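The next block holds one structure in the form of structure tokens; read it before the comments.
Just so it is clear, the structure is predicted and the values come from calculations on it, not from any experiment. We number each residue from 1, following the sequence as shown.
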Amino acid sequence: MEKFNNSAEDQKSKAEKTTRKNVSSETVDFKLIGKARKGFNLCLTELKSNDVKLAYLRKYAMTLPDVQKFYDRYMVEANKLADTLKDSLSVTRACEESGNDLLILATHVVFMGKTAMMKVAKFGVSEQSPIHGYLDLFRDPFMPDNAQDFVNADWLPSKSKMDIQTS
């Protein structure tokens, strides 16, 4: 009887450890994004571009055992944020006026971090929002449409933009 209780307690303890491990693995992505963002923010203003932003994100993502999983989680966060922003009339109107796509905007906001995501979800494009007045900076994509292009260092946003312009 006592042995059964210990095993039940052991199972409960293992379940708690697994839950904690899963929670921490989700925050690892934001820690990694934070490192990439810090590197990007230290760049000289004239060197900042979507290509450089992607390069920093790739650099740190390549340290993970599963880059595909990182990309997928990143895009899940961006899609969730884009869906949240769709419900805001002021955001959709501002995006239409500025020519921004909600998903592209969301990928940039995810790069800004969890706090920025929460503020954008709460305040939209109002003065309290970290994206207020900066929508034009988030018009062009910096994340590829698929994980393979994310892993492939040859793919750059500026190259895909050139392909669109020549078509």
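Closest approach of V67 to M62, counting heavy atoms only: CG2-SD, 3.9 Å. When all heavy atoms of L54 and P144 are compared, the closest pair comes out as CD1-CD, 4.3 Å. Contact record, A82 with A106: N-CB, 3.9 Å, taken as the closest heavy-atom pair. Summarising the geometry of C95 relative to L102, their closest heavy-atom pair is SG-CD2, 3.7 Å, with the distance given to 0.1 Å.
Contact check for T107 versus M75: side-chain heavy atoms found under the 4.5 Å cut-off. Considering only heavy atoms from C-beta on, F142 stays 4.5 Å or farther from D51 through its side chain. Using a 4.5 Å cut-off on side-chain heavy atoms (C-beta onward), L85 and T92 make no contact. Taking 4.5 Å as the limit, every side-chain heavy atom of V151 sits out of range of all side-chain heavy atoms of Y71. Put simply, the side chain of L81 does not reach to within 4.5 Å of the side chain of L103, judged on heavy atoms. By the 4.5 Å heavy-atom criterion applied to side chains, D140 and S158 are not counted as neighbours.
Ring pair H108/F138 is tilted by interplanar angle, where 30° to 60° counts as tilted.
For S98, the side chain to side chain donor-acceptor pair (under 3.5 Å) partners two or more places apart in sequence, or in a different chain, are N100. When the ring pair (Phe, Tyr, Trp, His ring centres under 6.0 Å) test is applied to F40, the partners found at least two apart in sequence or on another chain are F111. Applying the side chain to side chain donor-acceptor pair (under 3.5 Å) test to Q128 and every residue at least two apart in sequence or in another chain returns S126. For the side chain to side chain donor-acceptor pair (under 3.5 Å) test, residues two or more places apart in sequence or in another chain that qualify with D72 are Q68. The salt bridge (charged side-chain N to carboxylate O under 4.0 Å, His left out) search around K80 returns E77, not counting sequence neighbours. Taking L44 as the reference, E46, L47 meet the side chain to side chain contact (heavy atoms under 4.5 Å, CB included) condition, with sequence neighbours excluded. With sequence neighbours excluded, the residues forming a side chain to side chain contact (heavy atoms under 4.5 Å, CB included) with N146 are Q148, D149, listed by chain and number. Residues meeting the side chain to side chain donor-acceptor pair (under 3.5 Å) test with D145, sequence neighbours left out: none. The ring pair (Phe, Tyr, Trp, His ring centres under 6.0 Å) test applied to Y60 returns no partner, not counting sequence neighbours.
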Show me, pair by pair, the donor-acceptor contacts under 3.5 angstrom made by side chains of residues 115-125, not counting sequence neighbours?
none

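Under the 4.5 Å side-chain contact rule for hydrophobic residues, L137 and V52 share a cluster. Under a hydrophobic-cluster definition in which Ile, Leu, Val, Met, Phe, Trp and Tyr are linked whenever side-chain heavy atoms come within less than 4.5 Å, directly or via other members, V76 and F70 are assigned to different clusters.
Enclosure of atom NZ in K48 by more than 12 non-hydrogen atoms of other residues, nucleotides or ligands within 6.0 angstrom is indicated.
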Next item on the list: Quick one: do I104 and M143 satisfy side-chain contact (heavy atoms from CB on, under 4.5 Å)? Show the steps, please.
Entry: CA-CA 8 Å; I104 292 171; M143 287 293 279; over 6 Å; no

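Residue pairs meeting the side-chain hydrogen bond (donor to acceptor under 3.5 Å, both in side chains) criterion with at least one member in residues 32-42, sequence neighbours excluded, do not occur. Pairs of residues two or more places apart, or lying in two chains, that qualify as salt bridge (charged side-chain N to carboxylate O under 4.0 Å, His left out) and include a residue from residues 86-111 are D83-K86.
Separation of atoms CG (N50) and CZ (R139) is listed at 11.5 Å; rounding is to 0.5 Å. With values rounded to the nearest 0.5 angstrom, L64 atom CG is found 5.0 Å from L32 atom CG.
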